[in-house]
Amino acid sequence: MPPLENDELISSWLNRTAGFYGLPLAALLRAAGDGRTPVLPAAVDFGTQQRALGALATMLGMNVAGLMARTIGATQPNAASTVAGTAGSRMTGPRLHYAACPHCLEQQRIERGVSWLCRAWVLASRTVCSIHHAPLVAVVPGSPAHPLWSEFYRPYQAAAVRPGRERQIPAALHSPLADRAIALLHKEMAVVQDVMLTEVAGQDGKSPSSWKGRAAIVRDLAWAFTRADHREPDRLVYEAFSSTVLDNPWHLRRRRRPGPVEFATLPLEERHLLLATATAMSGTSELRERICPPLGHWTSDLASLPQRLCEADRREWCMRRRAWPTAE
C-alpha cells in the first residue's frame, strides 16, 4: 500500500491506494459506505463522514485518529471560509473545487515516482503555483486524465462558439510583450497569494513586510468584485473592471450572474480572473500598461468603484480601505 504524503489530500491517497489494488477510487469509496449515503471525496477530505473514514481506516489497517488528523478540517484553520467549494447540505455533503499544478505533478513523479494532489491546491486564494508560477488547473479526483489535457483542450473548447459568431480574441494576447506581462503577473500573484494564505494560517510574521499591504489590497479588491453592481443588478462589480487581456468579453457575458457571491464558492477559473485583475490593478505601471489600460495611478481607476456598491457594501469597502497602507 502506498504511503500517505505529508501534504496529500486523503482522496488523492485513496485514489493511489485503489490503483495499487487495480480498483477505481469509486469502488473503494463505495465499499466504505453504508449502501444508502454515497461517500464523496470531498466529505472524506473534510472529515465530515467519520463513519466512512473509520471503515476506510479498518479496511486499510490504519489508525482512524491518524487519518482524521490528515483531513482539511484538522489541518486548515477556518476551513469553511478558506477552502474552495461549498459546505453543501446534509444530503449532498461538501463540494470541493479540486485543482493541481501540472508541473508539480510531473516533478513529484520524477522525484517520488508517483504524483498526488496537495491540500494547498484546494484553498480558495491559491490559483497560481507558488513554485512554478503557473496557473492551477481544475481536476477531478480519481480521473485518469492528466491535468495537462485540460490545458490542451481549453483553447479548443473556448473556440467552440455558436455558428455565425466569431470569437473575439484581443490582439494584445498575441504580443510577446503581453506574454512577458502575463508571466510577471503570475509571479506577483504567487507572492501575493503566499502572503494571503500565510496570514490566514496565523503566521503573519513570516510574510515579507513589503508585500503585506499589496496582499490586503488584492484581497479587498477581490471581495469588492464579488458584490452586486448597483448600476447593473444582473452582474458583479468585477465586470466593470475586467481586462480584455485576461478575460474574453464573450465568455464574461456567458458567466454573468447577479451578486453578491462568495469568493470561495466560485470555480477556479473565475477566482483566478478576479485575483489576476486585482493584482494587475494594484501593480506597477509597466504591468498595468499591458494588462489593464488606461494608464494612471491605480487608485484613480477605483474612483467609480464605491458608486457601483450598495450602501452596506460601500460602508464595508470604506472600512477595508482605511486599513490599507498609507503609501498607496
Side-chain angles (χ1 to χ4, degrees), residues 4-19 24-30 32-33 37-53 55-56 67-102 104-105 108 115-130 135-147 149-151 154 193 196-197 200-201 222 226 255 257 261-275:
L4 180 61
E5 300 293 336
N6 291 331
D7 59 346
E8 185 174 10
L9 288 168
I10 294 180
S11 63
S12 172
W13 174 67
L14 292 176
N15 182 50
R16 294 195 296 114
T17 302
L25 174 62
L28 190 60
L29 295 178
R30 188 164 51 249
T37 305
V39 179
L40 301 175
V44 172
D45 288 325
F46 264 110
T48 55
Q49 290 185 328
Q50 298 186 14
R51 181 179 298 180
L53 281 173
L56 287 168
L67 201 57
M68 284 294 298
R70 298 297 190 96
T71 63
I72 293 175
T75 58
Q76 182 62 37
N78 306 317
S81 59
T82 59
V83 173
T86 59
S89 63
R90 294 184 61 183
M91 295 296 295
T92 62
R95 304 286 182 178
L96 282 178
H97 295 307
Y98 290 93
C101 170
C104 283
L105 293 180
Q108 292 167 354
S115 57
W116 61 91
L117 300 182
C118 300
R119 286 192 295 267
W121 292 339
V122 298
L123 299 178
S125 298
R126 173 61 69 194
T127 66
V128 174
C129 176
S130 61
L136 304 184
V137 297
V139 297
V140 177
S143 172
H146 193 284
W149 281 106
S150 299
E151 283 296 284
R154 186 187 303 274
Q193 292 175 16
M196 293 169 63
L197 294 174
V200 169
T226 63
R255 297 194 314 268
R257 63 167 68 85
V261 296
E262 290 296 328
F263 177 80
T265 64
L266 293 173
L268 172 64
E269 182 180 7
E270 294 187 44
R271 284 183 283 114
H272 178 74
L273 288 171
L274 265 62
L275 291 174

**OP:** Report the C-alpha distance between Leu96 and Phe46 in whole Å, list the side-chain angles of each, state the deciding distance to 0.1 Å, and finish with yes or no for side chain to side chain contact (heavy atoms under 4.5 Å, CB included).
**Re:** CA-CA 9 Å; Leu96 282 178; Phe46 264 110; 3.4 Å; yes

**OP:** Test Cys104 against Cys129 for side chain to side chain contact (heavy atoms under 4.5 Å, CB included), laying out the working first.
**Re:** CA-CA 8 Å; Cys104 283; Cys129 176; 3.5 Å; yes

**OP:** For Arg95 and Leu40, run side chain to side chain contact (heavy atoms under 4.5 Å, CB included): C-alpha distance rounded to whole Å, both residues' side-chain angles, the deciding distance at 0.1 Å, then the answer.
**Re:** CA-CA 9 Å; Arg95 304 286 182 178; Leu40 301 175; 3.9 Å; yes

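Rounding to the nearest 0.5 angstrom, the gap separating the CE atom in Met68 from the OG1 atom in Thr71 is 4.5 Å. Taking CZ from Arg30 and CG from Leu25, the interatomic distance works out to 10.0 Å, rounded to the nearest 0.5 Å. Atom CG of residue Leu274 and atom OG1 of residue Thr226 lie 7.0 Å apart, to the nearest 0.5 angstrom. Interatomic distance, OG1 of Thr82 versus CG of Leu197, reported as 8.0 Å (0.5 Å rounding). Taken to the nearest 0.5 Å, the CH2 atom of Trp13 stands 6.0 Å off from the CG atom of Leu4.
Between Leu28 and Leu14, the shortest heavy-atom contact is CD2-O, 3.6 Å. Taking all atoms of both residues into account, the shortest heavy-atom contact from Gln108 to Cys118 is NE2-SG, 3.6 Å. Between Phe263 and Ala124, the closest heavy-atom pair is CE2-O, 3.5 Å. In terms of heavy-atom proximity, Met196 sits nearest to Ser125 at CE-OG, 3.7 Å. Between Ala69 and Thr75, the shortest heavy-atom distance links the atoms O-CG2, 3.3 Å. Scanning both residues, Ala100 and Leu117, for their nearest heavy atoms gives CB-CD2, 3.8 Å.
Test Val140, Leu268, Val139 against Tyr98 for side chain to side chain contact (heavy atoms under 4.5 Å, CB included) and you get one pass: Val139.
Between Arg16 and Glu8, at least one side-chain nitrogen of the basic residue sits less than 4.0 Å from a carboxylate oxygen of the acidic one, meeting the salt-bridge criterion.
Distance alone, capped at 3.5 Å, is enough to place a donor-acceptor pair between the Arg70 side chain and the Glu5 backbone. Side-chain atoms of Asp45 come within 3.5 Å of backbone atoms of Ser11 as a donor-acceptor pair (strictly under, hydrogens ignored). Distance alone, capped at 3.5 Å, places no donor-acceptor pair between the Thr127 side chain and the His272 backbone. Remark: side-chain polar atoms of Arg119 are paired, donor with acceptor, to backbone N or O of Asn6 under 3.5 angstrom.
Between Ile72 and Leu9 there is a side-chain heavy-atom pair separated by less than 4.5 Å. Annotation: side chain of Val128 is not in contact with side chain of Leu136 (no heavy-atom distance under 4.5 Å). Under the 4.5 Å side-chain criterion, counting only non-hydrogen atoms from C-beta, Val261 is not in contact with Glu270.
Asp7 and Trp116 are linked by a side-chain donor-acceptor pair at a separation below 3.5 angstrom, with hydrogens and angles left out of the test.
Annotation for Arg257: atom CZ counts as buried by contact number, over 12 foreign heavy atoms lying within 6.0 Å.
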